[in-house]
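Step one of this worksheet: look at the structure below.
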Amino acid sequence: MNLDAKIPEGPIEQKWSKHKLALPLVNPANKRKHKVIIVGTGLAGASAAATLSELGYQVEVFCFQDSPRRAHSIAAQGGINAAKNYQNDGDSVRRLAYDTVKGGDYRSREANVYRLAEVSANIIDQCVAQGVPFAREYGGHLANRSFGGAQVSRTFYARGQTGQQLLLGAYQALEKQVNAGAVKMHSRHEMLELVVVDGHARGIVTRDLVTGKLEAWAGDTVVLATGGYGNVFYLSTNAKGSNVTATWRAAKKGAGFANPCYTQIHPTCIPQAGDYQSKLTLMSESLRNDGRVWVPKKAGDARKPAQIPEEERDYYLERKYPSFGNLAPRDISSRAAKQVCDEGRGVGPGGRGVYLDFADAIKRVGKQVISERYGNLFDMYATITGDDPYTVPMRIYPAVHYTMGGLWVDYNLMSNLPGLHVIGEANFSDHGANRLGASALMQGLADGYFVLPYTISAYLATAKQPKLTSDHPEFKKAVDDARARMTKLLNVKGKRTVDSFHRELGVLLWNKCGMGRTEKGLKELLIEIPRLREEFWRNVNVPGSAESLNQALEKAGRVADFFEFAEVLVLDALDRDESCGGHFREEHEDQGEAKRDDEKFQHVSVWEWKGEGQAPVRHKEPLVFESFKPSIRSYK
Amino acid sequence: MSDKKMKLKLHVYRQASKDAAGAMKEYVVEDVSEHMSFLEMMDHLNEQLMNKGEEPIAFDHDCREGICGMCSMVINGIPHGGHRGVTACQLHMRHFKDGDEIFVEPWRARAFPVLRDLVVDRQAFDRIVAAGGYVSINTGGAPDANALPISKKEADLSMDAAACIGCGACVAACKNASAMLFVAAKASHLNHLPQGEPERYERVKKMAAQMDAEGFGTCSNYSSCEAVCPKEISVRVIAEFNRDLLKAQAK
Amino acid sequence: MAEASELRREAASEPLFGSLATFAMSSVGSKVVMAVTGIGLWLFITAHLAGNLTAFLGREIFNGYAAALHHNQPLLWGMRLALLIGFPLHILTAARTVALNRAARPVEYAWANKSPARAAAKTMMLSGAVVLAFLLYHLAHFTWRVTGPMPAAPLPSGDWDAYSMLVMGFQRPLIAGFYVLGQVLLAAHLSHGLYSMFQHLGLWGRRWTPWLQSAALVVGYGLCIAFASIPLAVLLGIIKP
Ligand SMILES: Cc1cc2nc3c(=O)[nH]c(=O)nc-3n(C[C@H](O)[C@H](O)[C@H](O)COP(=O)(O)OP(=O)(O)OC[C@H]3O[C@@H](n4cnc5c(N)ncnc54)[C@H](O)[C@@H]3O)c2cc1C
Ligand code: FES
């Protein structure tokens, strides 16, 4: 597997500008001869589609929702980072890059991160020009807030709907291009196969989710912007349709899957209420700006929160991390919550919850201000739980939220499979082993607006692949493969529903490969997951036909892929015998903190699929830190 | 937390495909927890159906937290079920009681054809946005974000309208199946910002023309749209849209 | 960017009247037509009411007003012309939008649409239709004089004794009742219409719009009470033959 990251030479501050100059260009007249296939219309996909088509490329876009505007990016609440330093609090490109590299526990590629911080300011400019209604101060200038893992205020937001507003900006740009006839949009189309011809990614196979029709699409390059795989855990804050299918299908065609074990558990989610629960709801991290996290000091204290006096409460984040307090990064806050719950001090049903208390903040600034800041989040909490957070502290618990792992890409955002570009959460990204809040939106838009539109020409100008159409035998074969898989699923006609399998897989992973991982647990999983997968293929019940709108079949296909992928995730977690960021091996800790092993693991693990029944092979891309020297990551 | 279990009788609209005829069908769901969301109750029913060898009820959903705008069902005659500011996916079963009868139907509008059961085609909304619901700016070359201050008041008015999630409940609720709240909210979002100003009048003209071409009804100011809008968007935006469109005639 | 895809822009400048006609047929434009004609009709009704109320001042003044109106041909025909244009436009546009709206919702909900909306708003078509029927009857009664009790002969001046016609008519409870009913429905129609036309013409204010619905209610039902006071006064013998 060729894992040349193609990091440009030179000082980190100059790498990107030099690289842009060195990139070959596609002649404007030739651009329209190139067809780019983009899967996904989240921040990454929609921004790339709009920009590439503005540049003159022919663009064909796919998403599984009924409208591109509904991609999962829409759910992001809290905000987007940018090194604008509008608050004059000492922010800079370098500081944002440093915070991100450190936040990622020195497991990201620093050149990529630096570039991300560099273009972050352009993103805000672009979005404002598109009409994204960011929050503003009375003087008319943009407002900022602070987010976990940073000591400066660099987060831009639009009420609790930052993701939706940014996505609407990108979606509108996309629709503008649709109207101009420059983009063809295919919604309710799910990608089921990547088509590789002569070693190059040349197209995809999709299923029309309304009619069931399988179709092949050929182009000059394929861009995957299909989001994260958090739903492998069944319960997560991701939208129900989020899946690994697109990236996993690509991995099975030769693209390396990097760091699958880097999953992020978000500390502030509404705890699970029952077995029927279908997803978990995030309460934005911004709440930690004003809310204080605590549990009773005594284990098993069943008193109502109001009856527990101040001195019997443990504000454990403030106690353990005095300088960051409630704003400690996600992995750290989540683990701390798990620890106190494991000690029997958790609150609410099953003792799986901690309080997020606004009483002090309300006393300090008044209910009015708190409601202006968080009104919609409070309403959301009240709607779901039936409790009023203005008077009763919120109950929160960590939940799977984001996946730092993804398809491996080089500096040009191209995977090891030539012609396959991967952007947004779908790539292994710039977040290392832990992502800081408000930086996924930044990365998605950076990739789509400002990086890929340049770097894609590195491939298109040099690849010199022959034109081909979907009549090529490889496309026919891919369609047949997709059909065969569906037929197989429909023909099992077993007794258990798809969801029941998915739920069971999720519980297995959450318990043994969630917030705390051990060699023993992971090894057990490597027996339990294949066993469950085997039962799935023997006993799943997928009603209906392949020639109609069939949601059970859609789910079954996704869950089948989750099953295969889960095993690689566990393998990676087992292989990475250290703790870093969101990957916490209980064997490697220092007073509850993750203990890295830079000697052995300062690398990206990239997994190569070797075929059914064969062990995938792990390759390495060593990580070199020239500008940001790895240190112990402390937030104390 | 107490957990009352309920037994409910559901009447759900079933239609096998776009061109098939459909009808209401009756189902009994047992063991419904009051902490379930409405969609979790539907999941629960679907599990029961599949275990009996029947096909599950198709319904659109994705985020399940009231923001993607995908879920779309008319519950007892009201889109999203009639709790202020709440989508069907956020509606919780604690608002129902044991023995209740519940009617579940798809959005009904000529411009939103039923694809299957409760799933409808809402691409008309995308086409309306494509007609003009954007600022015509390409990527690159934007001025500094703080170069142009925007008063908090205008930014807030813009944001109030931008909160629209495009679910289509406004159309479903309206006796005329009018899309004015959706269309006007999109226009208002952009028209309250200096960035949207240059195309303001052209924008409303084009969006209105596309809205008519899609076959939505006219606005009679029933304000049912505002009452069911999960983001509580005010009919103010409709008045603004009308005014801009009137002005546009003179331009 | 040379190769940037150009947005398709429609060719500029349609002819003014063509574009206005297109607008008037559009969904928003047709509502503007309803609003503008509605305002005209409302003004007419208010003026008409002011005239009617002179009945309380006695036969002389009422007949004087009726005669003056009749003899001022420019005013009379101006008004008639306005009505001859306004009414059909209002009614035809209403009929067209109703047809459009029915078509926009070809399949009704099995469970009645429970989305909240005021009854007066939902029954505009019905109240409008009854008001139309009432209007035709009213014309037949006072203008064409083909129904209702009539004095045996016109006055010596050649005018009909409008005052007597009014009193004779309203002394019959059935006729008086129909007039009152007509007014109530007109009030319902106005209570939504008067609010609605502000919306259609794009007039909205954060502070005054919330009052508008109540104001429309007061004006609509105020007119109704004022109008209905005449037949009632006749029945109660306050306005005497
Ligand atoms: C609840 C929540 C809140 C968050 N809040 C924040 C925040 O405040 N700040 C922040 O920076 N980040 C936040 N994040 C993370 C961030 O939202 C995501 O990482 C980011 O939006 C991902 O964008 P994307 O474009 O890569 O993918 P997505 O937005 O997930 O889009 C994926 C796209 O791919 C398509 N797709 C997927 N699979 C297929 C397939 N097989 N076939 C066809 N199409 C397919 C989908 O239709 C969709 O269009 C949040 C995440 C969650 C879950
Ligand atoms: S499922 Fe997203 S709004 Fe209901």
Side-chain angles (χ1 to χ4, degrees), chain A residues 50-51 54 65-70 72 74-75 84 86 124-126 128-131 133 136-142 158-159 161 164-165 168 172-173 175-176 178-179 187 210 239-241 273-274 276-279 281 349 379-380 383-384 386 449 453 497 499 541 543-544 548-549 551-552, chain B residues 1 17 33 35-36 39-40 43-44 47 50-51 53-56 58 60-70 85-86 90 92 94 115-116 119 122-123 125-126 129-131 133-139 142-146 149-152 155 158-159 162-163 166 189-190 193 195-196:
Chain A
T51 308
E54 286 163 10
Q65 291 92 346
D66 70 332
S67 161
R69 68 175 288 158
R70 303 198 206 284
H72 170 58
I74 202 130
K84 278 284 196 187
Y86 282 159
I124 304 300
D125 298 343
Q126 183 64 31
V128 166
Q130 287 171 339
R136 288 181 182 263
E137 308 286 0
Y138 282 98
H141 292 101
L142 292 161
R159 296 213 182 128
Q161 296 197 350
Q164 134 131 317
Q165 295 313 320
L168 288 182
Q172 287 165 199
E175 290 297 338
K176 158 177 80 80
V178 169
N179 194 42
S187 52
V210 177
K240 291 293 284 176
Y276 46 78
Q277 187 114 3
S278 59
K279 79 152 277 174
T281 304
D379 292 347
M380 190 172 182
T383 315
I384 293 176
Y449 282 135
T497 60
D499 271 352
N541 168 19
S548 63
L549 196 160
Q551 293 175 326
Chain B
M1 232 175 350
S17 67
S33 154
H35 299 300
M36 284 180 177
L39 301 193
E40 281 164 352
D43 289 343
H44 185 63
E47 293 269 308
M50 284 187 281
N51 285 335
E54 289 175 45
E55 284 196 49
D60 265 334
H61 65 101
D62 200 24
C63 75
R64 296 207 175 190
E65 55 182 69
I67 189 70
C68 73
M70 191 111 177
V86 166
Q90 291 175 301
H92 275 68
R94 72 178 89 90
L115 298 176
R116 176 166 200 172
V119 176
R122 283 172 286 193
Q123 286 184 67
F125 274 10
D126 291 331
V129 172
Y134 43 76
V135 175
S136 297
I137 178 183
N138 285 356
T139 305
D144 184 82
N146 255 349
I150 303 174
S151 76
K152 181 164 178 348
S158 168
M159 181 63 218
H189 156 207
L190 298 170
L193 298 171
Q195 289 83 5

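In what follows, every chain begins at residue 1, and chains take the letters A, B, ... in the order their sequences are listed.
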Most chain A-contacting option - heavy-atom pairs closer than 4.5 Å, from B:Gly133, B:Ala145, B:Gly69, B:Cys68 | B:Ala145
Residue, of A:Ala50, A:Ala239, A:Gly131, A:Gly139, that accumulates the most heavy atom pairs under 4.5 Å with chain B = A:Ala239
Any Lys/Arg nitrogen of B:Asp60 or A:Arg70 sitting under 4.0 Å from an Asp/Glu carboxylate oxygen of the other?
-> no
Whatever's closer than 4.5 Å to a heavy atom in chain A on B:Arg94 counts as side chain
Where does A:Ser67 contact chain B at under 4.5 Å (heavy atoms): side chain, backbone, both or neither?
-> both
Examine whether an atom of A:Gln551 lies under 4.5 Å from a heavy atom of chain B, and if so say whether it belongs to the side chain, the backbone or both; otherwise answer neither.
-> side chain
Considering all heavy atoms of both residues, which atom of B:Ala163 and which atom of A:Gln161 are nearest to each other, and what is their separation?
-> CA-OE1, 3.5 Å
Considering only heavy atoms and a distance below 4.5 Å, find which of B:Ile67, B:Val135, B:Asn146 pairs most often with chain A.
-> B:Asn146
Tell me, side chain or backbone of B:His44 under 4.5 Å from chain A's heavy atoms, or both, or neither?
-> neither
May I ask you to name which of A:Asp125, A:Asp66, A:Asn541, A:Thr51 has the most heavy-atom pairs under 4.5 Å with chain B?
-> A:Asp125
Pair count under 4.5 Å, heavy atoms only, with chain B: among A:Ser278, A:Ser548, A:Pro453, highest is A:Ser278
Chain A: which of B:Ala142, B:Pro149, B:Gly85 shares the most heavy-atom pairs with it under 4.5 Å?
-> B:Pro149
For each of B:Gln123, B:His61, B:Arg116, tally heavy-atom pairs with chain A at distances under 4.5 Å, and name the one with the top tally.
-> B:Arg116
Closest heavy-atom contact between A:Tyr276 and B:Ser33?
-> OH-OG, 3.3 Å
Pair B:Asp62 + A:Lys279, salt bridge at N-O below 4.0 Å = no
Which region of A:Gln165, side chain (C-beta onward) or backbone (N, CA, C, O), has a non-hydrogen atom less than 4.5 Å from a non-hydrogen atom of chain B, or is it both or neither?
-> side chain
Looking only at non-hydrogen atoms, find the nearest pair between B:Ala155 and A:Arg136 and report the distance.
-> CB-CD, 3.8 Å
Among B:Leu190, B:Val129, B:Val86, single out the residue with the greatest number of heavy-atom pairs under 4.5 Å to chain A.
-> B:Val129
Please confirm whether the backbone N or O of B:Glu47 pairs with a side-chain atom of B:Asn51, one donor and one acceptor, at under 3.5 Å?
-> yes
Output the distance between atom CG (B:Asp43) and atom CE (B:Met36), rounded to the nearest 0.5 Å.
-> 8.5 Å
Can we say A:Lys176 and A:Glu54 salt-bridge, meaning some charged N sits less than 4.0 Å from an Asp/Glu carboxylate O?
-> yes
Less than 4.5 Å apart, any side-chain heavy atom of A:Arg69 and any of A:Gln164?
-> yes
Do you know which of B:Leu193, B:Asp126, B:Leu39 has the most heavy-atom pairs under 4.5 Å to chain A?
-> B:Asp126
Which pair of non-hydrogen atoms, one from A:Pro543 and one from B:Glu55, has the smallest distance, and what is that distance?
-> CB-CG, 4.2 Å
Heavy-atom distance under 4.5 Å to chain B: side chain of A:Leu168, backbone, both or neither?
-> side chain
Side chain, backbone, both or neither: which part of B:Glu40 has an atom under 4.5 Å from a heavy atom of chain A?
-> side chain
Counting heavy-atom pairs under 4.5 Å to chain B, which of A:Thr281, A:Asp379, A:Leu142 comes out on top?
-> A:Leu142
A:Met380, A:Arg159, A:Gln130, A:His72: which one forms the most heavy-atom pairs within less than 4.5 Å of chain B?
-> A:Arg159
Among the options A:Val210, A:Asp499, A:Thr383, pick out the one with the most heavy-atom pairs lying under 4.5 Å from chain B.
-> A:Thr383
